[in-house]
Amino acid sequence: VSTIPLDAAQVATELEEFLRAQFPATTVDLRRDVDLFESGVVDSVGVAETLAHIEELYGVEVPDDVLLSDDFTTVDGMARCIVELRARAIAP
Amino acid sequence: VVPSFRVIGRTGPCFGWDGSSVVQALPGDDDLRGDARPVVEGAFAGVGRSGDRTWLARDPLGLGKLFWAASNGDIDVASHPARLVERGHALDDCTALPANVVVTYEDGAGSPTVRPMVDPVGGEPDVTESVEGLAARIRATVDGYVGGLLAARPGPVIVCLSGGLDSTSVAALARAQRDDVVAITFDLARPGSRRRSEDFLAAHDAARHLGLDVVPAIHSPERLFELLDTVLVAGIDWRDFNVSIAELVGSPAEATILTGDLVNELLADYHSETYEGRTYYRLPRLPIAATRAALVRGLATSHREIGVFGAFGLPVVQPYAAARDAFLRLPDDVLGPGPGKARLYRAMFGGDLPDASYERPKTRAQTGSAVGERGVLAACADAGFDERRFARRFAELHGVDDIGALTRFLRAGRYRSGVPLK
């Protein structure tokens with residue numbers, strides 16, 4: 001795991017790019033505050049792909065309590081979760 | 001203070017395996033004392049009290065289901081969230097007990113003790129154990145499991161048979177133990193056509209090879225649709241055609257129903273289906289090991305076999321659950337829809353199964369044929385049943401008008417889960 005702290009805005013930008021590339025057929029306006037699950041952008045298969053991407057790129061595993069949190073529903077919220085999980089992982 | 005647990009309705013059946021015998025009751029109080037953990041595979045979830053202890057437990061794969069909701073300081077527990085909703089709880093207040101956990105509450109103690117039922121299999125596959133060695137371990141486990149099970153349950157034995165490797169092998173295991181095993185095989189009635197699905201025909205061939213009587217279960221689409229509410233509630237799922245109404249079959253009381261379920265997840269040999277230009281059952285675009293992990297993880301959600309049969313009072317047993325550990329140690333080249341599965345099964349069963357079973361391409365129960373007729377999937381799609389409609393109905397049946405409550409309840413193959421901590 002990298003020991004470099006992450007920047008939430010940077011992570012949000014990257015995540016948005018990933019989601020646009022991964023789910024190009026979505027007709028939803030993919031703003032960063034859109035609920036990705038309620039809007040149907042990400043389904044149960046898509047979230048498995050998203051979790052794998054997060055794990056590979058940021059070196060963090062998303063635990064169930066974070067996965068099912070209200071925060072982990074939007075691009076901005078996911079970015080905050082990833083930053084927090086990375087901070088926890090590199091804390092002394 | 002230990003919360004008081006109130007069980008609403010009945011918890012699901014217990015079909016565990018402790019490595020040498022079938023466990024038809026949840027781990028006893030003695031098993032939960034001290035440091036020794038009960039190593040129990042299979043399917044179970046429940047709550048028990050003995051002396052000054054109360055415990056909750058759920059099997060390693062999460063095949064058994066248990067939900068809870070707080071009620072004025074006490075805890076209501078049920079096998080289905082709908083039971084909790086009937087008691088006045090909101091779906092947003094219903095939480096699943098996590099899979100692979102034993103929680104013990106002791107009078108006078110502070111927080112409960114939370115322990116895994118088994119250590120998760122992780123890291124690289126064990127290179128010291130060959131595919132043939134693992135195959136032998138799986139075969140020995142399921143032989144022992146089915147033998148112990150059928151010795152303990154003298155009632156009728158019914159195998160849900162599609163003619164594929166998974167169900168045919170389970171039929172062979174049962175047939176080795178008992179002479180009175182009956183196969184039941186499903187097909188969808190097609191108006192104006194007497195043509196049967198590939199599954200139906202293959203099941204008859206396999207049954208003939210094994211010397212089993214076959215009971216055909218042929219239902220009209222309309223009859224299946226009548227049962228949709230039951231399937232949604234009992235299956236605790238609404239996702240894209242995951243409602244396996246094809247598996248709804250009638251059978252006598254006190255029967256033991258055996259299925260070949262779980263191997264598709266444990267080997268990740270699913271593929272997507274296309275009907276009328278639309279793709280169903282899409283798989284994640286991930287390396288095969290990660291796809292398998294996602295599919296296995298998803299077993300903790302959806303109760304589409306055990307739960308749905310249970311709604312009709314029929315106990316379903318999935319023998320391959322007992323061999324979870326060996327399956328998860330198989331290397332990547334055995335996984336996926338390629339030839340690895342046939343290699344594994346030949347190592348497990350050799351000439352015990354008909355040759356045609358090894359050569360038959362994977363067919364989903366919801367389609368019944370690799371090409372041509374598209375079975376229940378097509379019937380649902382033609383009648384306008386899609387995931388959105390299932391979701392709306394699931395929400396209605398659980399007292400919810402906000403579909404968002406569903407994505408807060410089930411996400412990424414996980415129910416909202418946690419341990420009651422009061």
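The model shown is predicted, which means the values in this text are computed figures rather than measured ones. The figures here come from the full heavy-atom set of this structure, side chains too, leaving out hydrogens, waters and symmetry mates. In what follows, chains carry the letters A, B, and so on, assigned in the order in which the sequence lines appear, proteins first and then strands, with residues in each chain numbered from 1.
Residue A/F37 forms a side chain to side chain contact (heavy atoms under 4.5 Å, CB included) with just one option from B/L406, B/I403, B/L410, B/T407, and that option is B/T407.
Looking at A/S69, the atoms closer than 4.5 Å to chain B (heavy atoms on both sides) all sit in the backbone: N, CA, C or O. Within the 4.5 angstrom heavy-atom criterion, only side-chain atoms of B/A294, from C-beta onward, approach chain A. Of the two parts of A/D70, only the side chain, counted from C-beta on, holds a non-hydrogen atom closer than 4.5 Å to a non-hydrogen atom of chain B. With a 4.5 Å cut-off on non-hydrogen atoms, A/E55 does not touch chain B at all. Only the side chain of B/R297 comes within contact range of chain A, with at least one heavy atom under 4.5 Å from a heavy atom of that chain.
Counted within 6.0 Å of CD on A/E61, heavy atoms from surrounding residues, nucleotides or ligands total 12 or fewer; the atom is thus considered open. For B/R285, the CZ atom is densely surrounded, since the number of other residues' heavy atoms within 6.0 Å is greater than 12.
The backbone N or O of A/L68 lies less than 3.5 Å from no partner atom in the side chain of B/R416, so there is not a single donor-acceptor pair.
Contacts with chain B were tallied for A/L51, A/D64, A/V42, A/D35; A/D64 has the most, counting heavy-atom pairs under 4.5 Å.
Proximity of A/T73 to B/R408: side-chain heavy atoms (C-beta onward) are nowhere separated by under 4.5 Å.
A distance of 8.5 Å separates CZ in B/R282 from OG in A/S44, rounded to the nearest 0.5 Å. Atom CD of residue A/E49 and atom CG of residue B/L283 lie 9.5 Å apart, to the nearest 0.5 angstrom.
Nearest heavy-atom pair across A/A52 and B/L286 is CB-CD2, 3.3 Å.
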